[in-house]
Amino acid sequence: MSAELSAPASGGRTPTVIRVLVLATFVVILNETIMINAIPRLMADLEVTERAAQWVSTAFMLTMAAVIPTTGWFLQRVSTRRAYAVAMGVFLAGTALSAVAPSFAVLLLGRIIQAGGTAVMMPLLMTTLMTVVPEQDRGRVMGNVTLAISVAPALGPVVSGMVLQIGSWRWLFVLVLPITAGVTWLGLRRLENIGEPQAGAIDWSSVILAALGFGGLVFGLSRFESDDLTSPALIAGAGSALIALFVFRQLRLQRNGTPLLDLRVLLSGTYAKALVLMSIAFMSMLGSMMLLPLYLQNIRGLNPLQTGLLVMPGGLAMGLLGPMVGRLFDRFGGRVLVIPGSVGIAAALAGFTQISMSMPYWQLLALHILLMVSLATTFTPVFTLGLGALPRQLYSHGSSMLGTLQQVAAAFGTALVVTVMSARSSGLVADGIDPITAHLDGMRLAFLVSAALALIVIAAAVLLPSRAPAVPEETDELDTAIPELVKS
């Protein structure tokens, strides 16, 4: 039986349960980007092609997209400690398997298992935070969360570059193992259960539809970098069709069953606006984050470690600014942060459209820091406003939907910029332009597309309120607002 906390933590201190979950989330998210620099080593050691080696990242993203939709249901059915133990135990198993993998297929399996554990941690952290932290402190605590989840991806490529300078790619997993084990042990010692698990059977049809639908959509989008656009479009279309069936199934289960992903979260206008803003911002951000290393390494000739060091200050600035942004949100609300932040995102991406063979590195560094700082002033308030507009019973489902759409947005943003860049550069090469100039021009156009997407972020930011509106305590009070889309 779980021990329910009688009241949220207050008094300006971050609850222990949040500190532990932030630390664990930092470790698993660091691992998500730590393999970026290892592709050449994998190709040589395991005798695979570059396209095959890329699957260590693609499979991770696919698994996240397939598993996250189930976390809303899962987190309501198990205690906090059990969810933490399952997530970290699965992640540990995947890390150990990857470290000793005798072949690429086993390494890929290990990465998939790792992703299964990672997929649970972020919704678990967000759901617990919204449950135990009072509304007046949520901005500050969410700012500390931002520090962890933004610094970790920035450090991943740098850490991997340093490790690969002196050792095998296996050390990327060997070094993570004792850290993960220590964090897991600490968590199991210090974590308390938050709330009581609810009874309810899982709908396996929904699980299959979610896995195939979201996984298929992300897989199709990830394949748009190939020359053949027909097959990826068909795969993405099939995934979208399965997602439509998944949505139809959830609407029926909301009437006479237990939905895997409760779509009543979308009845909150503030949450829906936050969801749109976060998805488009992620789409724009991930597209640009993929373009910048390509520019620095393929055009400017930097090695992976140098590239990681150049983009690290932006990631650190984003993370270190997070707590300050959180305190400003608690004091002044969201609009004074989100609107300037969204304008900063558009301005930074517009600046990247001016890249050239001779653009000073300090300008690139300044633009990247502007982008990361603007994202910090946007993400923390939007996360807090969106989830704060939901009743407590829907926190886990709201976190799950945010996480799922982030994966889809990341895949779509990457596919969009790669397709635009490739089409533009291929057309210029066909017209007789030299490949380097053509590639550079393709990158400029792709950054311009990302900047155009950021204009939608500004529009969504203007529509957001400064504070989350009052919400009903029970989800039953929302039932009357569900459209009669499905007859029971």
Q | For Ala59 against Ile112, the heavy-atom pair lying closest together | A | CB-CG1, 4.0 Å
Q: List the atom of Gly398, the atom of Leu390, and the distance in Å for their closest heavy-atom pair.
A: CA-CD1, 3.8 Å
Q) Which of these passes side chain to side chain contact (heavy atoms under 4.5 Å, CB included) with Ser399: Val265, Thr127, Leu75? A) Thr127
Q: Step by step, work out the side-chain contact (heavy atoms from CB on, under 4.5 Å) result for Val120 and Val86.
A: CA-CA 9 Å; Val120 177; Val86 168; 5.8 Å; no
Q) If you measure from OG1 on Thr404 to CD1 on Ile68, what distance do you get to the nearest 0.5 Å? A) 5.5 Å
Q.
Once rounded to the nearest 0.5 Å, what's the spacing between atom CE of Met126 and atom OG1 of Thr25?
A. 8.5 Å
(Q) Can a donor-acceptor pair be found, under 3.5 Å and without considering hydrogens, that links the side chain of Gln250 to the backbone of Pro259? (A) no
Q) Can you tell if the side chain of His397 reaches within under 4.5 Å of the side chain of Arg264, non-hydrogen atoms only? A) no
Q: Would you check if Trp185 and Met88 make a side-chain contact, meaning some heavy-atom pair closer than 4.5 Å?
A: no
Q.
Do Phe383 and Leu402 have side chains that approach each other closer than 4.5 Å (heavy atoms only, starting at C-beta)?
A. yes
Q. Measuring from Leu92:CG to Leu97:CG, what's the distance to the nearest 0.5 Å?
A. 12.5 Å
Q: Look at the side chain of Ser168 and the backbone N and O of Trp171, then say whether any donor-acceptor pair between them is shorter than 3.5 Å.
A: no
Q. So do Leu453 and Val457 actually touch side chain to side chain, heavy atoms under 4.5 Å?
A. no
Q) Any side-chain heavy atom of Val27 within less than 4.5 Å of one from Met121? A) no
Q: Look up atom CG in Leu292 and atom CG in Leu364, then write down how far apart they are to the nearest 0.5 Å.
A: 6.5 Å
Q | For the student: nearest non-hydrogen atoms of Ala210 and Phe246, plus distance | A | CB-CE1, 3.6 Å
Q) For the atom pair CG (Leu275) and CD1 (Ile280), what is the distance rounded to the nearest 0.5 Å? A) 10.0 Å
Q. Which atom names give the shortest non-hydrogen contact between Val67 and Gly116, and what distance separates them?
A. CG1-O, 4.2 Å
Q: Check ring-ring contact (aromatic ring centres under 6.0 Å, His included) between Tyr84 and all other residues, then give those that pass, not counting sequence neighbours.
A: none
Q: Kindly say whether Val276 contributes a backbone atom to a donor-acceptor pair with the side chain of Ser279 at under 3.5 angstrom?
A: no
Q. Are the side chain of Gln254 and the backbone of Asp262 linked by a donor-acceptor contact shorter than 3.5 Å?
A. no
**Q.** Within-4.5 Å side-chain heavy-atom neighbours: Leu129 and Tyr395
**A.** no
**Q.** Residues forming a side-chain hydrogen bond (donor to acceptor under 3.5 Å, both in side chains) with Thr71, sequence neighbours excluded
**A.** Ser400
(Q) My understanding is that only one of Val382, Thr377, Thr380 makes a side chain to side chain contact (heavy atoms under 4.5 Å, CB included) with Val338; could you say which? (A) Val382
Q. Shortest non-hydrogen contact from Phe329 to Pro381?
A. CD1-CB, 3.7 Å
Q. What orientation do Phe447 and Phe352 show, parallel under 30°, tilted 30 to 60°, or perpendicular over 60°?
A. parallel
Q | Nearest-0.5 Å distance that lies between atom CD1 in Ile113 and atom OG1 in Thr118 | A | 12.0 Å
**Q.** Beyond-backbone contact of Val28 with Thr180, side-chain heavy atoms, under 4.5 angstrom
**A.** no
**Q.** Stepwise side-chain contact (heavy atoms from CB on, under 4.5 Å) check, Phe74 with Leu124
**A.** CA-CA 10 Å; Phe74 176 72; Leu124 175 61; over 6 Å; no
(Q) Per the side-chain hydrogen bond (donor to acceptor under 3.5 Å, both in side chains) rule, what does the pair list look like for residues 88-107, sequence neighbours excluded? (A) Thr95-Gln114
Q) Under the 3.5 angstrom rule, does the side chain of Arg335 hit a backbone N or O of Leu463 as a donor-acceptor pair? A) no
**Q.** Heavy-atom closest contact (Thr378 atom, Ser342 atom, distance)
**A.** OG1-N, 3.6 Å
Q | Residue pair Arg111 / Thr63, side-chain heavy-atom distance below 4.5 Å | A | no
